[in-house]
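Both counts, for ligands and for their atoms, begin at 1 and track the order of listing.
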Amino acid sequence: MQIAVQIDPLRSATQALRRDGPLALVPTMGALHEGHLALVRAARERAAHVAVSIFVNPRQFGANEDLAKYPRQLDRDAALLEAEGVSLIWAPDAEAMYPEGYATTVAVGGVSSGLCGDARPGHFDGVATVVLKLFNQVQPDLALFGEKDWQQLAVIRRMARDLDLTGPHPDRIHGVATVREADGLALSSRNAYLSADDRARAAALPRLMRAASSAIADGTAIVATLADFKTALLAAGFESIDYADLRDAVSLDPVSTLGPAPARLLVAARIGGTRLIDNLPI
Ligand code: PAF
């Protein structure tokens, strides 16, 4: 496994790897957990080689979000990725990614607004910008992203269509199903911030989401189901709810009646000061 930290060695490495067949990219910010490893395993099934980028992207952190505190553990991450058969790690520093004078931002309209876009202004511009740069740097045949960050996936898919990133590979932006703990809680690096009590209570989120999503699929009124869902979340120990909404799975437009287009229940709620997000298909 090679580790590139500058663009020129990266380009030579990816050029050589592409000779063997399709190259898959798994973009990450490091601090890897089983959810990331599931992306790597899905990538290995689809490509001859897998490259993983590890870059804590300052442009997707808000002023009130602690970029300095984000865990950085390249040695541990590299050992995990080597064991998974990854061929290349792309680990630029901030200067290699955004050199002096850097001035370009990618803003994807529509899907970036609302939901997490309200609580984290500018976050999806930062994500879109770095993901487009990663595509240009690594030039993968496909890239894999977790469905847990559904809005992020929707933003990247919209950008890929709008900026012609979709190439000959039919599934160049590939979403991978959320990996969950035994009690249903979606894996996230933020789960580590939960106390033991809050961690136990947090299992109410996927349980109540499943109940709400089944009720809506069975025809129960959407507005009333979402109101009951929010009340139940607060009763289960969540202190606040940023949103709990039914949205079109692609455009993220609000859905007030179920139609033929796929819909998604999307939730962000706080417990013990930690903001958890999750989503389920209807
Ligand atoms: O999901 C993440 O870890 C990040 O948002 C991504 C896609 C690697 C961009 O920095």
Side-chain angles (χ1 to χ4, degrees), residues 4-5 10 24-40 42-43 50-62 65-74 76-78 80-81 84 86 88-98 102 104-108 111-112 115-117 119-138 140 142-160 163 165 172-179 186-193 252 266 268 275-279:
V5 296
L10 171 79
L25 170 66
V26 177
T28 79
M29 298 208 300
L32 304 180
H33 53 62
E34 273 299 316
H36 298 107
L37 300 184
L39 297 180
V40 169
V50 177
V52 174
S53 61
I54 297 182
F55 178 64
V56 183
N57 177 29
R59 288 178 174 252
Q60 66 189 79
F61 283 77
E65 296 171 344
D66 201 345
L67 169 66
K69 254 174 59 187
Y70 198 88
R72 285 148 172 97
Q73 42 197 46
L74 184 58
R76 177 188 168 275
D77 290 345
L80 286 172
L81 295 175
E84 292 293 332
V86 164
L88 172 67
I89 295 179
W90 168 221
D93 60 16
E95 178 56 29
M97 188 61 90
Y98 302 116
Y102 183 88
T104 302
T105 299
V106 180
V108 181
V111 279
S112 295
L115 305 170
C116 288
R120 308 183 70 189
H123 169 71
F124 290 115
D125 294 357
V127 170
T129 301
V130 81
V131 169
L132 180 60
K133 282 178 68 72
L134 290 169
F135 263 89
N136 288 333
Q137 292 162 347
V138 178
L142 74 161
L144 295 90
F145 299 87
E147 288 187 352
K148 165 153 180 301
D149 296 303
W150 188 265
Q151 188 173 13
Q152 168 171 283
L153 185 55
V155 167
I156 292 166
R157 284 189 165 136
R158 182 74 261 167
M159 173 178 74
L163 299 184
L165 288 187
R172 197 168 184 212
I173 309 291
H174 184 84
V176 175
T178 303
V179 180
L187 290 196
S188 162
S189 16
R190 292 183 176 203
N191 296 353
Y193 302 140
L252 301 187
L266 296 127
R275 186 173 183 273
L276 301 180
I277 61 168
D278 202 348
N279 67 86

Short list, please: which atoms of ligand 1 are under 4.0 Å from a heavy atom of [X]?
X	answer
Gln152	1 (O), 2 (C), 4 (C), 5 (O), 7 (C)
Pro27	8 (C)
Thr28	8 (C)
Val130	9 (C), 10 (O)

Kindly indicate whether the side chain of [X], heavy atoms from C-beta on, has any atom under 4.5 Å from the side chain of [Y].
X	Y	result
Val131	Phe145	yes
Trp150	Ile277	no
Met159	Ser112	no

Item to check | Nitrogen or oxygen atoms of Gln60 and ligand 1 under 3.5 Å apart | outcome: yes
Checklist entry - Considering the options Val176, Leu81, Leu80, which one meets the side chain to side chain contact (heavy atoms under 4.5 Å, CB included) requirement together with Val40? => result Leu81
Checklist entry - Quick one: do the Asn57 and Tyr98 side chains pair a donor with an acceptor below 3.5 Å? => result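 Looking only at side-chain atoms, Tyr98 and Asn57 do form a donor-acceptor pair, the distance falling under 3.5 Å.
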